[in-house]
Amino acid sequence: MQVYTAEKIFTGQGAPKTNWAFGVEYGKIRWCGPRRDAPKSENPTIDLGKLVTPGLIDAHIHPLLLADNLGALACIPPKITSIPRLIAQLRQQAATTEGWILGWGWDESLLDEGRAPTRAELDEVSRDRPIYLERSDCHSGLANSAALAMAGIGRTTLNPPDGEIVRDGAGEPTGYLREHGANQMVKGIISRPSPAEKARTLGQLGRVMGEYGLTCVAEMMARSNEGDPHALYQDAVRHGWAQESHLYYVSDAIPADYIFPTEQMRGHIRVSGVKLFLDGALSNETAFLHSKYCGSHAQSGSNGMALCSPSQMRKAEQIARGNGIQLAVHAMGDGAIEALLDNWEDAKPWCEAVPAVRIEHASMLRPDLIARLARAKMEFAVATNMDFFFAEYNSYSTLLDGEQFANCYRVADMYRAVPALALTSDAPATPWAEAFSPFVSIYAAVARRAAGGEDLGQDQAITVSQALELYTSRAAKILPTAQGWIKPGAPACFTALDRDIFTCSHVEILGTRALATYINGENVL
């Protein structure tokens, strides 16, 4: 047995333990208790430093998108804060690449001009090579004239049912493709790395995730029409990917009667659910709200976009029920969450070990909606994103009125009412340089401050211990996993942090890194 100790050990709930230790054998935690009672071992005790926690779980993240973006230009502050700076950086990108010129992460509210670049401005970089820049929400994008032409998008092209080709006063496309239906018209024709290349990239990405203490992830954008994600992840393991991985397949690419192979729904890499989109993103004015967007930059009379029909809801539920897996429903606006509850709050659950329906993001979850969640026949899970509020304060404060703003990310209320609750990153769908750092959401949930120090509502602040629960033991309630605890019988998944986030200043939490990250007893750093 190998015994580990640290100045403090957070076991998954409550205050961290001092003078504590735990023993690991064959990839499992076999013993945990006071340091003085540690069992004798031939191996010297390993001191892991200031603070040890269970391995961190990101229950909503997009490693496949992160792999796609490797090598693309990060269009986010502090590197890019204006359209001229963006154009200059794209020119540099063009000089060192061939084919498509790609970027990600832009948000008009974080640019000095307060607007999105146009295709004419992107054409200043190149009129011959296609350019595509994915917005921070991963729902929308920008394209230059060459990319639009390749996608067959012109003046007479009709909007798809679930998206908008934004046009200027003369009816010409501006290059802005709002929401998935329009965005995929260009994004879907971009040449991407081969599955073998992407598997190698995932292997490299796994180590980077280990540097932030992540030992378990939920891949929320597996697409069966883009190859075999399950096989890709299995191949990535050969290249160093070590994180336990739960795959959620986008429902629109799956036949309603499809049954996943049994062997894919168990093990270290497993299919755990299907994904459905009810609306878009708050920062993009496409999250569907009960009341209209009211801020100074809001579109006239807009409630956002409802992206899902009743028949699409029924199909997604049929796939989930038929396979005994979860239905993960993207619902940011309170209007979308109302529609979700109307459809499923009285439905009979179909999963035994975990909630059958997950609410993804739940950005504007009003107190009355939280009360409906608590008393519903269906047990819901919620995966929410304080990193959005932290990084996108400018958008929220200009698009929402006071009451709407106050109802965003009511994490303290959710903590009390929803047992299966997780803080997640949704990386790379946020305009922040370290998109998948758990410590951004932990800081924002504890300090209730945005990136610029703005107040996000102190009445909804939670403690460091509670925030860590939402990345460990409470996050584990969302996924069919035994991770999230340091206790006998649990997998030996834990991380040693480089600072004591229980005692350091709140702002210091943002810079936290892992000194060591163990997955099933093996240090992956």
Side-chain angles (χ1 to χ4, degrees), residues 60-62 65 69 75-76 104-111 114-116 133-142 160 162-166 176-184 187 220-221 250 275-295 297-299 302-308 328-340 358-365 382-400 404-405 407-409 424-432 435-436 440-441 444 450-451 456:
H60 186 124
I61 190 171
H62 303 280
L65 288 179
N69 286 338
C75 307
I76 50 180
W104 64 276
W106 63 273
D107 179 334
E108 60 270 32
S109 74
L110 300 179
L111 297 173
R115 63 170 176 84
L133 309 179
E134 188 155 49
R135 194 177 184 277
S136 62
D137 56 13
C138 295
H139 284 230
S140 303
L142 294 172
D162 54 348
E164 177 190 5
I165 301 167
V166 178
Y176 195 158
L177 306 167
R178 180 176 280 122
E179 279 305 319
H180 291 302
N183 197 36
Q184 281 295 127
K187 189 176 177 181
M220 299 305 295
M221 198 70 106
V250 179
K275 175 84 173 288
L276 179 68
F277 289 89
L278 291 196
D279 67 349
L282 266 169
S283 65
N284 200 27
E285 291 181 74
T286 54
F288 188 64
L289 305 188
H290 178 82
S291 302
K292 294 177 173 59
Y293 288 88
C294 298
H297 294 174
Q299 301 176 53
S302 172
N303 287 71
M305 291 185 180
L307 300 178
C308 187
V329 186
H330 172 114
M332 292 191 75
D334 55 349
I337 297 169
E338 285 175 336
L340 183 154
R358 294 176 40 153
I359 306 175
E360 307 304 312
H361 312 308
S363 304
M364 192 180 290
L365 192 56
V382 174
T384 194
N385 299 89
M386 276 303 298
D387 57 332
F388 287 3
F389 216 11
F390 167 85
E392 299 176 339
Y393 171 84
N394 290 349
S395 295
Y396 284 68
S397 61
T398 56
L399 294 173
L400 306 178
Q404 291 171 323
F405 187 89
N407 283 325
C408 289
Y409 303 100
T424 73
S425 72
D426 197 28
T430 183
W432 191 249
F436 53 78
V440 175
S441 279
L456 299 178

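Residues: numbered from 1 along the sequence shown. No hydrogens, no waters, no symmetry mates; every other heavy atom, side chains included, goes into these values.
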Q404 and C294, any side-chain heavy atoms less than 4.5 Å apart: yes

Polar side chain donor-acceptor pair, S395 to S109, under 3.5 angstrom: yes

Whether Y409 and Y396 hold their rings parallel, tilted or perpendicular, with breakpoints at 30° and 60°: tilted

Side chain to side chain contact (heavy atoms under 4.5 Å, CB included) between N183 and L177, intermediate numbers included: CA-CA 5 Å; N183 197 36; L177 306 167; 4.3 Å; yes

Partner of M305 under side chain to side chain contact (heavy atoms under 4.5 Å, CB included), chosen from R178, H180, H139: R178

Mutual orientation of the aromatic rings belonging to Y176 and W106 [parallel < 30°, tilted 30-60°, perpendicular > 60°]: perpendicular

Pair T286-E179, side-chain donor/acceptor within less than 3.5 Å: yes

Gap separating the OG atom of S302 from the CG atom of L289, nearest 0.5 angstrom: 7.5 Å

Euclidean distance, S291 OG relative to L400 CG, rounded to 0.5 Å: 10.5 Å

Separation between NE2 of H62 and CE of M221, rounded to the nearest 0.5 Å: 5.5 Å

Side chains of D107 and N394 in contact at under 4.5 Å (non-hydrogen atoms): no

Side chain to side chain contact (heavy atoms under 4.5 Å, CB included) assessment of M386 paired with V440: CA-CA 8 Å; M386 276 303 298; V440 175; over 6 Å; no

Evaluation steps, side chain to side chain contact (heavy atoms under 4.5 Å, CB included), between L142 and R135: CA-CA 8 Å; L142 294 172; R135 194 177 184 277; over 6 Å; no

Nearest non-hydrogen partners of A281 and M332, listed with the distance: CA-SD, 3.5 Å

pair T430-F436: side-chain heavy atoms closer than 4.5 Å: no

Candidate list L110, T398, L456, test side chain to side chain contact (heavy atoms under 4.5 Å, CB included), partner Y393, passing option: L456

Main-chain N/O of M364 paired to N407 side chain as donor or acceptor, under 3.5 Å: no

Shortest non-hydrogen contact between L65 and C138, atoms and distance: CD1-SG, 4.1 Å

Minimum heavy-atom distance A336-A331, with the two atoms named: CB-CB, 4.0 Å

N385 side-chain N/O to T424 backbone N/O, donor-acceptor pair under 3.5 Å: yes

Parallel, tilted or perpendicular, as decided by the 30° and 60° cut-offs, for the rings of F390 and W432: perpendicular

Distance (rounded to the nearest 0.5 Å) between L365 CG and E338 CD: 10.5 Å

Parallel, tilted or perpendicular, as decided by the 30° and 60° cut-offs, for the rings of H330 and H361: perpendicular

Non-hydrogen atoms of G333 and A287 that approach each other most closely: N-CB, 3.9 Å

D334 (side chain) donor-acceptor with H290 (main chain) under 3.5 angstrom: yes

Interatomic distance, N303 atom CG to D279 atom CG [nearest 0.5 angstrom]: 11.5 Å

Non-hydrogen atoms of G280 and L307 that approach each other most closely: N-CD1, 3.9 Å

Approximate separation, where rounding is to 0.5 Å, of L278 CG and C308 SG: 5.0 Å

Side-chain heavy-atom pair Y293, L282 within 4.5 angstrom cut-off: yes

Backbone N/O of D387 and side chain of S441: donor-acceptor pair under 3.5 Å: yes

Side chain to side chain, E392 and S136, heavy atoms closer than 4.5 Å: yes

Taking every non-hydrogen atom, the tightest pair across E108 and R115: CB-C, 3.3 Å

